[in-house]
Amino acid sequence: MAKYPFSEIEPKWQKYWDANQTFRAVEDPAFAKAKRRYVLDMFPYPSGAGLHVGHPLGYIATDIYCRYLRMNGFNVLHPMGFDAFGLPAENYAIQTGTHPAVTTFANIERFKKQIGILGLSYDWAREVSTCTADYYKWTQWIFIQLFKRGLAYESNAPINWCPSCQTGLANEEVKDGECDRCGSKVTRKRIRQWVLKITAYADRLLADLDKVDWPEPVKAMQRNWIGRSEGASVHFAVDGLSEKLEVYTTRPDTLFGATYMVVAPEHPLVSKLTTPAQQAAMSAYVEAAARKSDLERTDLAKDKSGCFTGSYGINPVNGRKLPIWISDYVLISYGTGAIMAVPAHDERDWAFARKFGLPIIQVVAPEGSPAARIGTCGDPDEAFCEEGIAINSGDWNGLTTAAFKAAITKWLEDQGHGQGTVNYKLRDWLFSRQRYWGEPMPLVHCPKCGIVPLHDDQLPLTLPETTSYAPSGNGESPLANIEPWVNTTCPDCGSPARRETNTMPQWAGSCWYYLRFIDPRNDRAFADRAKVDYWMPVDLYVGGTEHAVLHLLYARFWHKVLFDIGAVNTDEPFQRLVNQGMMLGEDNQKMSKSRGNVVNPDDIIGEYGADALRLYEMFMGPLEVSKPWTTAGIVGSSRFLERLWAMSEKPLDDAPPSGELLRLLHRTIRKVTEDSANLAFNTAISALMVLSAEANKAERLSRPLWEALLKMVGPYAPHLAEELWQKLGQTASIAYAAWPGFDPLLCESDELTIVVQFNGKLRADFQVPKDTGREEQERLARLHPKVQEYLVGKEIVKVVVVPGKLVNFVVR
RNA sequence: GCCGGCAUGGCGGAAUGGCAGACGCGAUGGACUCAAAAUCCAUUGUUCGCAAGGAUGUGUGGGUUCAAGUCCCACUGCCGGCACCA
């Protein structure tokens, strides 16, 4: 018989699904909340580079899951769209003059074509692109809500600046001191910026991680990034100055060990602290620190540097005078930008004290050590950073670190010298970009009213047309040069005013796109609240780990703000998150053009068909783990499909199968049902292969078995399944055929194999009827000829019997 | 340095504490063929043995258990994230 003509059949069914709107999702109240599922892929940036076989991995997985859910009576929302603002299209525009929208939409079309041939069951009627005005109208609207709640503010603090991208970057976009996008060294720049106050949500972003079903590593990364720490703020009087110097420490129990203090070069008190004698040295140091890049400043290997201010702080616990230094190892952006230095119990302070000959006093000793008993000790050899017992701390000696922390914090509060404090590593989110191809910020600078947001009826504020996309490089976006656009009137008072010219970062559009899919054409709200209630939260969200602290943190933040203003029904957007593993090249390296190991899905589909590619990508291993692509391996999936195609020619019997084949059928249904629900597609496919191989051994095919098999194949190889389903005389799509059920009783075998072990080593096996009792099983085991042989000259110490499984003789 | 994750045949992988290696790729042998491809059948962890049958085996070293790939402790290697956050 002819080979499976996938190149005819696959387009045929793709056209059918499209023409019949088979996967259109409708908010039908007949489905109870428990019978609705929102299954979401992380939407792509439509780059011009084209896809490799790794890109569709997650899309195939969610598609199979959605098809499985539909056959099980769920109403499924499964949309797709495009994260369409971004630098590549803009950079191309600078080079060629082509409008970024032109490039972007061309790439979107190409992308849709490429994933279209995979037979993915998206509701394309809900497609959105973040760069269209009807979409970013609502991005702007949400930004205004943030602004109105005081969560967006202007800042002039120095920021991360990428000299190549010519724009500011968020902390999350800087990796190892380099731009996450282009790899250029990030520098510091002081320009006016818009910042979102994500730190106001730090506690909730941390606590609510406990509510969601996400991979632990991703939760750990977010917890790390938020970086909550508990400690105390301590106020140090400064000799000869009215101002107090406030420091933050997680170890208030080491206050007696403080021997000097350090403030960051950018600290506001630096000039007041500097005595005339130190003035020259201090200016030189501050200037040198300002010139250093972030990477230079945070390089651990470098020597500590610093400069004495000439001033002294007074330690509130013992009145001791502590010299105040400045050093760039203290960061202005964390805590109070000033520290008390305890060299005996902190590696960094230790290194600094050693370099500058500052005293070192040990105030914590390991529990049980002699020092802990007598309350004092000699000079330490290295910093001791663990917890222990207080020494050299006056009346506090002998307390454990934990007890001392609590006691001294209370003492500080009682004496007015400080208080317990919680700190976060998370910084506010640098939100403005000095580029063209992004959402314009819907704000106006009015000389009378200050910064005024546009009114709702003035949205969207569309991007002006221009011919010059190049950034000015001086911290202004190209929009600043478009005078007719910049000059406007104040929405509130009507006076002449100027528009904000910064644009939003690419993350803005992706912060809420999952909500727009719910009601994509609504022009009165970002989404109708009843529809939000119908679908939200997202039940399953599949994408790569690269967004663990970027998109996934930002989106949670925006969602919580929307929750707080009553616009959404849940305080977390994504209930369950799954990270698909990376598809590596055949050489086990990351797939990339520069390595020359890229495999194009179009080529594979051309040779083997989309169903074979889908099947193979899922068969290769668990969804979550990274694995290398092997083109040679795909023939296994292809052969399986060919076998099904050939089997469809066999004569059919109406009777169900009998005996072992019936049992295998029910077991397979059980296995494939469980595995499909758990996204364990590799083992489900394996079970389908076993069943088809067994069923194929007979000359004739049982129709009930064949129908069940086709339905189970449906989500995995939908084109072939539809074709063979139609061949059976079915007129409706298999996409909504009822998923086959199984009978647990029919899964069980009448006979069980019992294995016999001697001291845990396998020696024999035999068959027993199911329901054989414990004693009977042991008796039959003893009668087994090989067992008798092994028992000769041995003494039985113990017999372990697991009914239906094994008998283990422990012998001597 | 800190926090995660992973480690099983030639390869991808499978295995509620109970027959390690399901399923697939590859390889070897055979059938079909003038021949090849395709297809089908058989074998395929390593090792000793003509065979029957042994021994050994899930990164390393210990431990718990009648029984450990699976649980516990200590390592090693690889991958990812963070990194002067006081």
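Everything numeric here is computed off the predicted structure, so don't read it as measured data. Every heavy atom of this structure was used, including side-chain atoms; hydrogens, water molecules and symmetry mates were not.
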- Query: Can you say whether the rings of A:F352 and A:F356 are parallel (under 30°), tilted (30 to 60°) or perpendicular (over 60°)?
  - Reply: tilted
query = Quick one: is A:S229 getting a side-chain N or O under 4.0 Å of the B:A86 phosphate, OP1 or OP2?
reply = yes
Q) Got a salt bridge between A:E789 and A:K786, using NZ or NE/NH1/NH2 to carboxylate O under 4.0 Å? A) no
B:G24 and B:G77: how far apart are their P atoms, nearest whole angstrom?
38 Å
Checking B:G18, B:C82, B:G81 against the side chain of A:K805 (C-beta onward), the nearest is B:G18
Whole-Å distance, A:L584 CG to B:G13 P, equals 10 Å
Atom CG of A:L426 and atom P of B:A83 are separated, to the nearest Å, by 12 Å
Across every strand shown, the nucleotide meeting Watson-Crick or G-U wobble geometry with B:G18 (both distances under 3.5 Å) is B:C66
The ring-ring contact (aromatic ring centres under 6.0 Å, His included) partners of A:F809 (sequence neighbours excluded) come to A:F758
**Report entry** Rounded distance in Å between the P positions of B:C19 and B:G69
**Finding:** 10 Å
Need one value for A:F766: base, sugar-phosphate or nothing, where a base atom within 4.0 Å counts as base even if backbone is also close, heavy atoms only. nothing
Under 4.0 Å between a side-chain nitrogen and a carboxylate oxygen: does that hold for A:D213 and A:K219? no
Rounded to whole Å, the CD-C1' distance (A:E173 to B:C82) equals 17 Å
| Rounding to the closest angstrom, what is the interatomic distance between B:G61 and B:C11 at atom C1'? | 29 Å
A:R763 CZ to B:G54 P, in whole Å, measures 6 Å
Ranking B:C23, B:G18, B:A86 by distance to the side chain of A:Y334, first place goes to B:A86
Nearest-Å distance once atom P is located in both B:G59 and B:C23: 22 Å
Atom OH of A:Y716 and atom C1' of B:G24 are separated, to the nearest Å, by 16 Å
Checking all strands, does A:V247 fall into the base, sugar-phosphate, or nothing category for heavy-atom contacts under 4.0 angstrom? nothing
Glycosidic torsion of B:G9 (syn if within 90° of 0, anti otherwise) classifies it as syn
Re B:U39: Watson-Crick or G-U wobble partner, both distances kept under 3.5 Å, found to be B:A31
Between A:K175 and A:V690, the residue closer to the 5' end of RNA chain B by nearest nucleotide is A:V690
task: Step through the shown structure and confirm whether more than 12 heavy atoms of other residues, nucleotides or ligands are within 6.0 Å of NZ on A:K355.
output: yes
Testing B:G26, B:A86, B:G18 for proximity to the side chain of A:Q757, the answer is B:G18
Paired to B:U76 by Watson-Crick or G-U wobble criteria (both distances under 3.5 Å) is B:A7
With the side chain defined as heavy atoms from C-beta on, A:V800 is closest, among B:A86, B:G18, B:G54, to B:G18
Exercise for review: Remember a base hit wins even if backbone is also touched, and classify A:T545 as base, sugar-phosphate or nothing at under 4.0 Å, heavy atoms.
Suggested key: nothing
Exercise for review: Could you work out the separation of B:U70 and B:G21 based on their C1' atoms and round it to a whole Å?
Suggested key: 15 Å
*Regarding A:K304 and the six-membered ring of A:Y329, is the cationic atom NZ or CZ under 6.0 Å from the ring centre and inside 45° of its axis?*
yes
- Message: Within the 4.0 Å heavy-atom criterion, would you say A:R643 contacts the bases, only the backbone, or no part of the nucleic acid?
- Response: nothing
Quiz item: If you measure from the Lys or Arg side-chain nitrogens to the Asp or Glu carboxylate oxygens, is any gap between A:R782 and A:E778 under 4.0 Å?
Solution: yes
Separation between the P atoms of B:A55 and B:A68, rounded to whole Å:
15 Å
Winner on side-chain proximity to A:T249, out of B:G4, B:G18, B:A86, is B:A86
Assert: residue with more 5' nearest nucleotide on RNA chain B, out of A:F619 and A:N808, is A:F619
Would you indicate, yes or no, if B:U39 has its OP1 or OP2 atom less than 4.0 angstrom from a side-chain nitrogen or oxygen of A:R639? yes
Using Watson-Crick geometry (N1-N3 plus N6-O4 or O6-N4) or G-U wobble (N1-O2, O6-N3), each under 3.5 Å, B:G12 is paired with B:C23
B:U16 versus B:A27 - spacing of their C1' atoms, nearest Å: 35 Å
Looking only at B:G24, B:C19, B:C25, the nucleotide nearest the A:A632 side chain is B:C25
When rounded to whole Å, the CZ to P distance for the pair A:R223 and B:C2 reads 20 Å
From CD of A:Q222 across to P of B:C82 the rounded distance in Å is 13 Å
Practice item. Examine B:G24: is either OP1 or OP2 under 4.0 Å from a nitrogen or oxygen in the side chain of A:N682? Give yes or no. Key: no
* Examine B:A86: is either OP1 or OP2 under 4.0 Å from a nitrogen or oxygen in the side chain of A:Y260? Give yes or no. => no
Note to self: So that I can tick it off, tell me whether A:K3 and A:E642 are bridged by a salt bridge, with the cut-off set at under 4.0 angstrom between side-chain N and carboxylate O.
What the structure shows: yes
Under a 3.5 Å limit on both distances, the Watson-Crick or wobble mate of B:C2 is B:G81
In whole angstroms, the gap separating P of B:G5 from CH2 of A:W214 amounts to 18 Å
Regarding the side chain of A:V802, the nearest nucleotide among B:U56, B:A86, B:G18 is B:G18
Applying the 3.5 Å cut-off to both distances, the Watson-Crick or G-U partner of B:A55 turns out to be B:U46
- Look at the side-chain N and O atoms of A:K798 and state whether any lies under 4.0 Å from the OP1 or OP2 oxygen of B:C66. yes
Against the side chain of A:Y329, the closest entry in B:C66, B:G12, B:C84 is B:C84
Of B:G4, B:G13, B:A86, the nucleotide closest to the side chain of A:V625 is B:G13
Side-chain contact check for A:V810: nearest option of B:C66, B:A86, B:G26 is B:C66
Rounded to whole angstrom, note down the P distance from B:C41 over to B:C32. 16 Å
key: Lys/Arg-Asp/Glu bridge criterion (N-O < 4.0 Å) met for A:E230, A:R228   = yes
